[in-house]
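One structure is given below, encoded as structure tokens.
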Amino acid sequence: MRLPRTLPRSLAGQLFAMQALLVAAVVAGCAFFAYASGRSQAEETAARQVRAAALAMAGSPSVREAIRTPDPSAVLQPYAERVRADTGIAFVTIMDPDGVRWTHPDPSQIGRRFIGHTERALAGETFEETYTGTLGPSIRVVTPIRDGDRIVGLVSAGITVERVSTQVREQLGALGTAAGAALALGGLGTYVINARLRRHTHGMNARELSRMHTYHEATLHAVREGLLMLDGRRRVALINDAGRELLGLAPGAVGRRVDELALPAPLTGALLASEPRVDEVHLTADRVIVVNTSPVVGGERRGTVVTLRDHTELQALSGELDSERGFTQALRSQAHEAANRLHTVVSLIELGRVDEAVEFATAELELAQVLTDRVVGAVAEPVLAALLLGKAAQAHERGVELALAEDSLIDDGALPRSLAPRDLVTILGNLIDNAVDAASETATGGGGPVPAQRTGPVRALVTVTALTEAGELLLRVADTGGGIGPDDADEVFRRGWTTHGTGRGLGLALVRQAVHRNGGTVTLGRAPDGGAEFTVRLPLTGRAAGAKVVTA
């Protein structure tokens, strides 16, 4: 049989019971101490009062004069009663050295012996004692009456213990009221505090809170998505390992404001925004991340919960997939064009024009083979060679000529393994795509005004330079487009910058990110034909601190 629970289940309930008992114990202890202290003070006050009265009467000349008379009681009794009434003490007894009373509150006790000790007083000492006499237990003081060097009598003044207890009980009533008020106030405060604690702990007990904290810590370290929590002042309240890695933050990021973390401005703006953000793509120095933010509703201060997903690999794969799609379309177009050319050659042969057929077929083969031979002979790196041939086919389909500069030369094995082929594809592929877009638009009249120095028919040309020199890999892409204006030169590598409408503008930002990962530099200048010219330099022996963007 299971025993019933004797303690409240929730942590707030347990704390309430403990605090209530503690408050009750403190109030009871204070009340007992106040009672004991009050009683002690009352007894001490009574002792001082009766001592003062006894000493005053013993030193009075009229008392000594009355003692010399044949009937001292006739004079001393009225005097003693008057003193007793004025001072509020219980009794004043004046007696001879033998202890026979001359005065007493009860006249019938006059002439009888004093009940108590007188030895110390007869020895000349004033002393205090608690003794039970005719009026019951009393606190009394006995002092000698001197006439010169002789002790001619004794004075005893006292106050009953019952009267002291009555005074203490009167004070105890006020003390009980104060203690009750303190207990009620303490209980109310304890209830309010624990109600708030119960609301914050959702009624869970200590074991449940401990188990939740353990699961919470394990989840934060195990989840692969980045999790960032901001408080109402936009300070980092919590961040897991994945979030710190995605944002490139040091371990001491908790407690700092978001605008102090040196994050890119668009990403900082998204984290500081009060409205929710859904699947926004942002770039850090090395990663492409998808950001979702959700404001916290309720609580003392509003905050923000941020989730971060790493799309660096996905973005790279997406770029490669786009390139493969472009290659496929180019091959399909080339196959269709080859079929047309083959039909032309067959038709010329059927018409008996063999020489014209041979000439036509040879001319087409030479045009296709020139760039292939040039690329294969100059670029021994297979990834770059394949990329150039594929982009040349794509450019040809759009009416743009892709040319390899005469000084291009990359020997086999010149590129280190630390230089990822995927980064080369990202850098050169995006630069060529942008150059082809710009050249084709200018050639068709859709890319803005043709530069003034260009005369005659507009030729859509993209020139690529790829070579290794002085321990660096140099990649340069120049086009015959309209170029980039001075106002846009500083913004061209920012995510979202584009001249082709919304939904684009990520390519050059990815170029800068890949260059940064490999410690290189990217330079924007003007091509000889007036278009844009991008120059990337990547170190082959070591990596610098990061990418540097230079505008010429």
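With sequence neighbours excluded, no residue satisfies salt bridge (charged side-chain N to carboxylate O under 4.0 Å, His left out) with R234. Partners of S294 under the side-chain hydrogen bond (donor to acceptor under 3.5 Å, both in side chains) rule, at least two apart in sequence or in another chain, do not exist in this structure. Looking at residues two or more places apart in sequence or on another chain, you find no side-chain hydrogen bond (donor to acceptor under 3.5 Å, both in side chains) involving T103. Remark: E119 engages no residue in a side-chain hydrogen bond (donor to acceptor under 3.5 Å, both in side chains) (not counting sequence neighbours). For the side chain to side chain contact (heavy atoms under 4.5 Å, CB included) test, residues two or more places apart in sequence or in another chain that qualify with V83 are M57, Y79, T87. R48 meets the salt bridge (charged side-chain N to carboxylate O under 4.0 Å, His left out) test with E44; sequence neighbours excluded. Scanning for side chain to side chain contact (heavy atoms under 4.5 Å, CB included) contacts around D149 gives an empty result, with sequence neighbours left out. The ring-ring contact (aromatic ring centres under 6.0 Å, His included) test applied to Y131 returns H117, not counting sequence neighbours. For R256, the side-chain hydrogen bond (donor to acceptor under 3.5 Å, both in side chains) criterion is met by no residue, not counting sequence neighbours. The salt bridge (charged side-chain N to carboxylate O under 4.0 Å, His left out) test applied to E125 returns R120, not counting sequence neighbours.
Within the structure, salt bridge (charged side-chain N to carboxylate O under 4.0 Å, His left out) pairs that include any residue of residues 84-109 comprise E81-R84 (at least two apart or interchain). Annotation: salt bridge (charged side-chain N to carboxylate O under 4.0 Å, His left out) contacts involving residues 59-76, sequence neighbours excluded, comprise E65-R68, R68-D147.
Of all non-hydrogen atoms in A420 and N518, the two that sit nearest each other are N-OD1, 4.4 Å. Nearest heavy atom pair, residue A514 against residue D423, reads CB-OD1, 4.2 Å. Across every non-hydrogen atom of L76 and I94, the tightest pair is CD1-CG2, 3.8 Å. Of all heavy-atom pairs between T132 and I115, the closest is O-CG2, 4.0 Å. The two residues S60 and S62 come nearest to each other via the heavy atoms OG-OG, 2.8 Å. The two atoms that bring P144 and A58 nearest to each other are O-CB, 3.5 Å, heavy atoms only.
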- prompt: Taking it one step at a time, do V511 and N434 satisfy side-chain contact (heavy atoms from CB on, under 4.5 Å)?
  reply: CA-CA 11 Å; V511 168; N434 288 341; over 6 Å; no
query: Hey, mind stepping through D279 and N292 against side-chain contact (heavy atoms from CB on, under 4.5 Å) and telling me if it holds?
result: CA-CA 5 Å; D279 291 341; N292 286 273; 3.0 Å; yes
task: Quick one: do L424 and L538 satisfy side-chain contact (heavy atoms from CB on, under 4.5 Å)? Show the steps, please.
output: CA-CA 10 Å; L424 294 178; L538 302 176; 4.2 Å; yes
query: L261 and L247: side-chain contact (heavy atoms from CB on, under 4.5 Å), yes or no, with the steps?
result: CA-CA 9 Å; L261 299 179; L247 297 179; 5.7 Å; no
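The local environment of CZ in R146 is sparse, with at most 12 non-hydrogen atoms from other residues, nucleotides or ligands closer than 6.0 Å.
Panel note: side chain N240, backbone L227; a donor-acceptor pair is recorded below 3.5 Å. The closest donor-acceptor contact from the side chain of S73 to the backbone of W102 lies under 3.5 Å.
Contact check for T304 versus L271: no side-chain heavy atoms found under the 4.5 Å cut-off. Looking at L228 and V258, their side chains never come closer than 4.5 Å, going by heavy atoms from C-beta outward. Inter-residue side-chain proximity for L55 and V141 is flagged as unmet; no heavy-atom pair is nearer than 4.5 Å. The closest side-chain heavy-atom distance from L308 to V291 is below 4.5 Å. In this structure, V50 and R140 have side chains that are not in contact, with every pair of non-hydrogen atoms separated by 4.5 Å or more. The shortest side-chain heavy-atom distance between H282 and P264 does not fall under the 4.5 Å cut-off.
The CG atom of L263 sits 5.5 Å away from the CG atom of L249 when rounded to the nearest 0.5 Å. Rounding to the nearest 0.5 Å gives a distance of 12.0 Å between CZ of R512 and CZ of F534. Interatomic distance, I151 CD1 to I145 CD1, rounded to the nearest 0.5 Å: 10.0 Å. In this structure, CG on L272 lies 7.5 Å from CG on L230, to the nearest 0.5 angstrom. Rounding to the nearest 0.5 Å places CZ of R309 at 11.0 Å from CG of L246. To the nearest 0.5 angstrom, I159 atom CD1 is 8.0 Å from I89 atom CD1.
Between R257 and D259, at least one side-chain N (NZ, or NE/NH1/NH2) sits under 4.0 Å from a carboxylate O, which counts as a salt bridge.
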